[in-house]
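Quick notes on the structure that follows.
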Amino acid sequence: MDIKKKIGKLLEPIFAKLGYDKSLSIITFSTMPNIDLQCNSAFLLAKQVGKNPVDIASKIAEEFNKNNKEITASNIGGFVNFVLSNKYLSKVANEIKNDKNLGVEKHTKSRTIIMDYGGANVAKELHVGHLRSPIIGESLKRLYIMLGDKVISDSHLGDWGMQMGLTIAQLEEDGYLDYYFNKGKKIDITLDMLNEEYPKASARKKTDSKFKQKADDYTLYVQQKREPYYTIYNEIRKASVKAIERNYKMLNSYYDLWYGESTAQPYIEKVIQIFKDKGLTRESNGALVVDVAREGEHIPLPKKNPDDPNEEVQYKNPMPPAIIQKYNGGDLYATTDIATLYMRQKNFKFDDCFYLTDKRQALHFEQVFRCVRLAGIINDNQRLVHIGFGTMNGKDGKPFKTRDGGTIKLEDIIKLLISKAKEKLEENKVEYDDKLALAIGVAAMKFGDLSNIVSKDYVFDLDKFLSFEGKTGPYLQYTAVRIKSILKKAKDNLHDINISTQEEKNIIMNIFKVLDCYEICYQDKSLNALCNNLYNLASAFSTFYNNIKILSEQDEKKRISYLTLSKLVLDILSQGLYVLAIDIPERM
Ligand code: ARG
């Protein structure tokens, strides 16, 4: 239910009658007090027909009022303003209430979308850099499905890179792998082991070239499925994926496919051959590269000081070639991404493929996208989109780190969320268990993240995010819990909404805005508008709750209307929170 379109439709015959361009019967929400909606087209029409905008607007308003009794139009300085009567608002509110999708209109054409998010790396500990991808990806997926698309979510685990050779080399040296080399008893590969061994190996490769060479060789052996390396690799993968699944579940992040880079391995040889056959490859220091730069192409580098208008923009020129095979024949990040697209093309007829990673991977994706287009693996009408997000920073404005400068483990962040949420619940004297603390902590973090424009960096300020007041996840949860408790106490059967107060009107207008913003989020691939509008709706409900006695209202018809409206607010909030993948707890 799009109120702007609905009123726009009423304008159409009037525009037609007056001989105005019908496509300009466009309505927007008004920011003026006491005005609900407006049409600003008189200014454009004035240019088109060579008349005064004030005359045009007042003619439109006059004609509109002749035909519509429940909405009042007026002209103020060339703007056509609309005020919706309580009767009209009640009618639309009931329409939304009775609609099975609560007024959300699905798109007429459904797109098939592959959503590649999460992207955890096997053998490496999940860290804070892997927090935004499952959060944003999960919510975009839910939004797209709600609007009628078919979404296939794929966690695309990083399981085919150098970290495997590094981890195996280190485990071997520390004596954990003797069994596999026929030297001793079997020792199970555990997560704790990996958490210790990979960072050790990763630090060592920087100074120890012999070790690095060994890790390089082992990585290749795994990619060639050579034993015992391949078996060891699978053990590592198993231990790692279990932990990844657990963490993602805690974040309310779910996947249709638990594929990884390795899933595309059977296609790699074939894909490399396509590039060779098309004459797209050349050798460079033993590696196989594809020139993806277009003629005369320059890549602007970020300014050192973005606020300085006089600083000259520097260019990196040209776009570097994509390396699709290593000097030793091994596979790289780009190799698996290209082969994965080949596989996706074979398995699914998709319209769009979205990738959610840190925006610093933009170059990688641009190279991959260019490669697959050059090779004709992807059709022109299929969209490949990298949704690059900003970093999560500490209060010092730098990427969020531990106190001693190390990267923070995701597991530790989740623990932090739970313990901070517990503090808050204790402060508010709410009885709690771990489940409740987790739901609130996760809501705080998700909302704190999603309320920002995706591409922007933001400051991770858990104390602020956890407040039960203001624009936060817990505030929205709290509003929903409060409505639930009102409804539990009520003895009436819910029926129709009959708006009679400004507070109720304010709620309905905010519901319109929530419904309106889903499309904005869809286009922007960002959920900040939904966060803002849900917050505004929750605030409108608080004002209503504070000013109006809901349960003790003596007039039965009014009381039932108040309760029915409260239930509608709860439903709209629940629908929005579902998209944000935020759970509503039983109590708070
Ligand atoms: N594993 C990657 C990382 O940690 C993210 C994977 C994103 N998806 C992709 N198809 N490349 O950065």
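A quick note: this is a predicted structure, and the numbers were derived from the prediction, not measured. What's counted below: heavy atoms across the whole structure, side chains too, no hydrogens, waters or symmetry copies. Count residues from 1 along the sequence. Ligands are counted one by one from 1 in listed order, and the atoms in each one are counted from 1 as well.
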Next item on the list: Report the C-alpha distance between Y327 and D216 in whole Å, list the side-chain angles of each, state the deciding distance to 0.1 Å, and finish with yes or no for side chain to side chain donor-acceptor pair (under 3.5 Å).
Entry: CA-CA 11 Å; Y327 72 91; D216 235 8; 2.7 Å; yes
Item checked: Closest contact, heavy atoms only, P134 versus Y255 -> CB-OH, 3.6 Å
Notebook entry, point to check: For Q361, is the nearest heavy atom under 4.0 Å from an atom of ligand 1?
Noted result: yes
Note to self: Which label fits F460 and F465: parallel for a plane angle under 30°, tilted from 30 to 60°, or perpendicular past 60°?
What the structure shows: perpendicular
Checklist line | Within-cut-off N or O pair, Y333 and ligand 1, under 3.5 Å | finding: yes
Notebook entry, point to check: H130 to ligand 1: N or O pair under 3.5 Å?
Noted result: yes
Next item on the list: Answer yes or no: does an N/O atom from G119 fall short of 3.5 Å to an N/O atom of ligand 1?
Entry: yes
Margin query: If I apply the N/O under 3.5 Å rule, does Y355 come out as touching ligand 1?
Written below: no
Margin query: Which option wins on minimum heavy-atom distance to atom 8 (N) of ligand 1: I114, D116, D337?
Written below: D116
Check: With a cut-off of under 6.0 Å to the ring centre and 45° to the axis, is R111 in cation-pi contact with Y144?
Finding: no
Margin query: Give the atom numbers and elements of ligand 1 that come within less than 4.0 Å of a heavy atom of F365.
Written below: 9 (C), 11 (N)
Notebook entry, point to check: Quick one: which ligand 1 atoms are inside 4.0 Å of a heavy atom on T357?
Noted result: 7 (C)
Item checked: Reported CZ-to-CD distance for the pair F389 and Q361, which is rounded to 0.5 angstrom -> 8.0 Å
Next item on the list: Specify the closest pair of heavy atoms between S526 and I453, including all atoms of both residues, with the distance to one decimal.
Entry: OG-CA, 3.7 Å
